[in-house]
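In this text the structure is predicted, and so the values were computed from the model without any measurement.
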Amino acid sequence: MRFSKAYIPTTKEAPKDAQLPSHIYLSRAGFVSQVAAGLYNFLPLGKRVLRKIETIINEEMAVCDAQEVDLSFVTPAELWEESGRIEKFGKELLRFRDRKENLFVLGPTHEEMMVNIVRNRVTSYKQLPLNLYQIKTKFRDEARPRFGLMRGREFVMKDGYSFHASTEDLDREFDAMEAAYKRILERLGLEFRIVEADSGAIGGTGSKELMVLAGSGEDTLAVCDTCEYGANVEAARRAQRTDIPEAPSADFARFRTPNIKSIDDLSNFFHVDPYYTLKAVVQRAVYIEGSELVCFFVRGCDELQEVKARNSIGAIDLVDATEAELIEIGLVPGFMGPLDQDKIRIVMDNDTKNATSMICGANEADYHFVGVDLSVMHEAHFADLASVQEGDGCPHCNGKILHTKGIEVGHIFKLGTVYSAPLKAEFLDENGRAQPFIMGTYGMGVSRLVAAVIEQHHDEKGCIWTPATAPYLVNIMVSNIKEESHMAYAEELYATLQKNGTEVILDDRKERFGFKMSDAELIGFPFTIIIGKELDNGSVQIMIRATREIITVDASEVISKIGELCK
RNA sequence: CGGGGUGUAGCUCAGUAUGGUUAGAGUACUUGGUUUGGGACCAAGGGGCCGAAGGUUCGAGUCCUUUCACCCCGACCA
């Protein structure tokens, strides 16, 4: 491509709405432009990056014998009614009617459609397993799209679905997909972590998220500083605590604690570590039908993890309870404890099981119990409720947990029969019995990956594309196109690179050196070959974008040098 | 969906408090000239329904009402 003919509208200023580096630089460098909230146009450079990522995904899927399909974007609403998701998805599902008044939706994900194309066609265990995927635009009418390409309403996703006759076979395919996804991200040149994730209300197992590590990520990850363990904090586990503070010695007693309500106050008042106090968090749990107040207890040194709490009782949502709601049912805010109270459902963190020497509220204003032995609560509902904190022990090794931020670019998930059963997608097993398909699902956010590359690879000058994601690997920049010998050399180099299959752009614009260099840095080509006055000495220069280092090489060796730098 | 903010030239923004010639700047664009290794300089130009609708007024970018869009925080997010 010749730059002079390319449509690459770069700008000095970022759109005022852009906050994230990926949004700012992708806009400024002319990769994308915004159309409306959460909707973006991909301009030529952006489209090239998308296609490069798609190509890598296709290649790795081919290795796994996964087959690409292309399902219709507009899907009949009946399918969604059949699976029961039309209500669950709510307003995120964009619906509309055609001229015959039939209701349709724009596909936000394609489980239903994919199940639909195999049901009644794949009818025998002999036809399994099967792994089908597509790379396609999805639409979710998000309440609040933001962060540029990171969270759009319309986005490109690779969504794959596998069908199996047994859970063992699903496990095998799941591992193969995890390995393939890992290879994809490695090839893209991204630093990432595969983490354990929350399975959500749908159930299923083996939920794993692929997280590109970047400070602007929306998800908090708990990762081990020693081993490979990593998990979304929503699902993170930790080792049993070993550095247990010295226990306070006190016999069981009811103790007057005037106006001592918070964990801090309590721990100062009794001079005990918060580890020995019990924190009560009351939430209104919302279910499909109705709601109730639930009190969660964790140790004073811990925080309640909301997703874990929600999962522990199968609620759809938790909202903070107000003091008025507590008082109404006869609870005493600031002095709540699990003992001797039957006014509210309680759930206790696993770490409080059989805990001794505890201090907890006495369910009476200005009184706490001390010296509590929680083994009396052995019939209570225990669950993992506490949020894993930095410094906690890794559940797999002796390492320590650290927190880091990640961008979720992939999510793989064992669905089991969650969709195949309600949609009656069945095959006959060896015994001639009808069984629903056992399914896995494998998603990867392709347009989000474009943004993720830049979130992880940029500097104050602009984008820094990795070789696998760059719109062009090499930019040949002619310092002054009026120098005929320089231009002739550049043309020759351009032709040679094109012939050997290098993705190359020739910056033949009638612009000054500084202007073209700034564009090269903003767009972020991995290598810019500068052809200018050095050519009179038989040399050219290569600017390595990642470091902005400029090296001088003999004009005859420039191609082999580029090859060397790519390694 | 709750709270906050912003809509004026392709882009980034002044101007709105206190209504008053022909609505400005920078940048980008066009033409001519000079320059040519880090976003050049000089000169001359083109470009606006001041988000939309209604109202108040002799007069509205500016005041009032309604509405739409976009952004931020939160809720939500296979």
Does B/rA40 pair with anything, Watson-Crick or G-U wobble, both distances under 3.5 Å, and if so, with which nucleotide? B/rU34
Between A/Asp554 and A/Ser556, does any side-chain donor sit less than 3.5 Å from a side-chain acceptor? yes
Check RNA chain B against residues 480-489 of chain A and give the residues with a non-hydrogen atom under 4.0 Å, in numerical order. A/Asn480, A/Lys482
Need the pair for B/rG19. Rule: Watson-Crick or G-U wobble, both distances under 3.5 Å, any strand; none if unpaired. none
So what does A/Met543 touch, heavy atoms closer than 4.0 Å: a base, only the sugar-phosphate, or nothing? nothing
When you match A/Arg153 and A/Glu92 each to their closest nucleotide on RNA chain B, which lands nearer the 5' end? A/Arg153
Can A/Phe513 be classed as stacking with the base of B/rG37, given a centroid separation cut-off of 5.5 Å and a plane angle cut-off of 30°? yes
Whether A/Glu292 and A/Arg345 form a salt bridge (side-chain N of Lys/Arg under 4.0 Å from carboxylate O of Asp/Glu) is what I want to check. yes
For B/rC13, what is the paired nucleotide under Watson-Crick or G-U wobble rules, both distances under 3.5 Å? B/rG24
Verify whether one side chain among A/Ser207 and A/His411 offers a donor that lies under 3.5 Å from an acceptor in the other. yes
Rounded to whole angstrom, note down the P distance from B/rG48 over to B/rA25. 15 Å
NA contact type, A/Glu218, heavy-atom cut-off 4.0 Å: base, sugar-phosphate, or nothing? nothing
If pairing means Watson-Crick or G-U wobble with both distances under 3.5 Å, then the partner of B/rG59 is none
Is it true that A/Glu218 and A/Arg151 have a side-chain N and a carboxylate O under 4.0 angstrom from each other? yes
Go through the side-chain N and O atoms of A/Tyr442 and A/Lys208 and say whether any donor and acceptor fall under 3.5 Å apart. no
Ignoring the backbone of A/Lys16, work out which of B/rU12, B/rG37, B/rC1 is nearest its side chain. B/rU12
Under 4.0 Å, heavy atoms only, any strand: does A/Ile550 hit a base, just the sugar-phosphate, or nothing? base
Please tell me which of the listed nucleotides, B/rU12, B/rG39, B/rC71, lies nearest to the side chain of A/Ala37? B/rC71
Any donor-acceptor pair, under 3.5 Å, between the side chain of A/Arg28 and the base of B/rG39, if you only look at N and O atoms? yes
Closest to the A/Glu13 side chain, choosing from B/rG26, B/rC13, B/rC73: B/rG26
Hey, is the side chain of A/Arg144 poking within less than 4.0 Å of OP1 or OP2 on B/rC73, counting only N and O atoms? yes
Nearest whole Å is fine: how far is B/rC77 P from A/Met150 CE? 19 Å
Considering Watson-Crick and G-U wobble pairs with both distances under 3.5 Å, what does B/rA52 pair with? B/rU66
If I take atom NZ in residue A/Lys510 and atom P in nucleotide B/rU35, what distance separates them, rounded to the nearest angstrom? 13 Å
Is it true that A/Arg284 and A/Glu325 make a salt bridge, defined as a side-chain N closer than 4.0 Å to a carboxylate O? yes
For the residue pair A/Ser162 and A/Asn131, confirm or rule out a side-chain donor-acceptor distance under 3.5 Å. no
Expressed as a whole number of angstroms, how long is the span from A/Ile476:CD1 to B/rG37:C1'? 18 Å
Expressed in whole Å, how much space separates the P atoms belonging to B/rA9 and B/rC13? 11 Å
Rounded off to whole Å, could you give me the CG-to-P distance for the A/Leu522 and B/rG38 pair? 18 Å
Expressed as a whole number of Å, how far does the P atom of B/rA28 sit from that of B/rA43? 16 Å
Minimum-distance nucleotide to A/Ile530 side chain [options: B/rC73, B/rG37, B/rG39]: B/rG37
Would you classify A/Pro15 as touching base, sugar-phosphate or nothing, given that sugar-phosphate means primed atoms plus P, OP1 and OP2, and contacts are heavy atoms under 4.0 Å? sugar-phosphate
Between B/rG46 and B/rG3, how far apart are the two P atoms, rounded to whole Å? 48 Å
Paired with B/rC1 by Watson-Crick or G-U wobble geometry, both distances under 3.5 Å: which nucleotide is it? B/rG74
Using the P atom as the reference point in each nucleotide, state the distance between B/rU16 and B/rG20 in Å, no decimals. 9 Å
Check the side chains of A/Ser22 and A/Glu455 for a donor-acceptor pair under 3.5 angstrom, ignoring hydrogens and angles. yes
Scan A/Asp519 against the nucleic acid and name what it touches under 4.0 Å (heavy atoms): base, sugar-phosphate only, or nothing. base
A/Gln34 CD to B/rA69 P, straight-line distance once rounded to whole Å: 14 Å
Just call it for A/Gly443: base, sugar-phosphate, or nothing, with non-hydrogen atoms closer than 4.0 Å on any strand. nothing
Nearest whole Å is fine: how far is B/rG2 P from A/Asp320 CG? 19 Å
What contact category does A/Lys533 fall into here, base, sugar-phosphate, or nothing, at under 4.0 angstrom with non-hydrogen atoms? base
Given B/rC77, B/rG37, B/rC72, the nucleotide with the shortest approach to the side chain of A/Arg310: B/rC77
Identify whether any heavy atom of A/Ala143 sits under 4.0 Å from a base atom; if not, whether one sits that close to sugar-phosphate; answer base, sugar-phosphate or nothing. base
Mind calculating the distance between CG (A/Leu94) and C1' (B/rC77) to the nearest angstrom? 16 Å
Take atom C1' in B/rG55 and the same atom in B/rA17, then report the distance between them in whole Å. 22 Å
Taking atom types as modelled, is there a side-chain donor on A/Tyr494 or A/Arg2 under 3.5 Å from an acceptor on the other? no
Euclidean distance, atom NZ of residue A/Lys516 to atom P of B/rG39 [Å, nearest integer]: 15 Å
Regarding the side chain of A/Glu534, the nearest nucleotide among B/rG37, B/rU6, B/rC72 is B/rG37
Out of B/rC70, B/rC72, B/rG39, whichever nucleotide has its closest atom nearest the side chain of A/Lys12: B/rG39
Are A/Glu82 and A/Arg119 within salt-bridge range, i.e. N to O under 4.0 Å? yes
Which value, in whole Å, describes the distance between the C1' atoms of nucleotides B/rG74 and B/rU56? 39 Å
Closer to the 5' end of RNA chain B via nearest nucleotide, is it A/Thr109 or A/Arg509? A/Arg509
Note: A/Ser312 and A/Leu385 closest approach over all heavy atoms is OG-CD2, 3.8 Å
For A/Phe437 and A/Glu426, what are the C-alpha separation, side-chain angles and deciding distance, and is it a side chain to side chain contact (heavy atoms under 4.5 Å, CB included)? CA-CA 6 Å; A/Phe437 294 115; A/Glu426 298 174 335; over 6 Å; no
Quiz item: A/Glu521 side-chain donor-acceptor pair to B/rG38 base, under 3.5 Å: yes
Looking at A/Arg512, does any N or O in its side chain come under 4.0 Å of the phosphate oxygens OP1/OP2 on B/rG39? no
Partner of B/rC29 by Watson-Crick or G-U wobble geometry, both contacts under 3.5 Å, or none? B/rG45
Rounded P spacing from B/rG26 to B/rA14 in Å: 16 Å
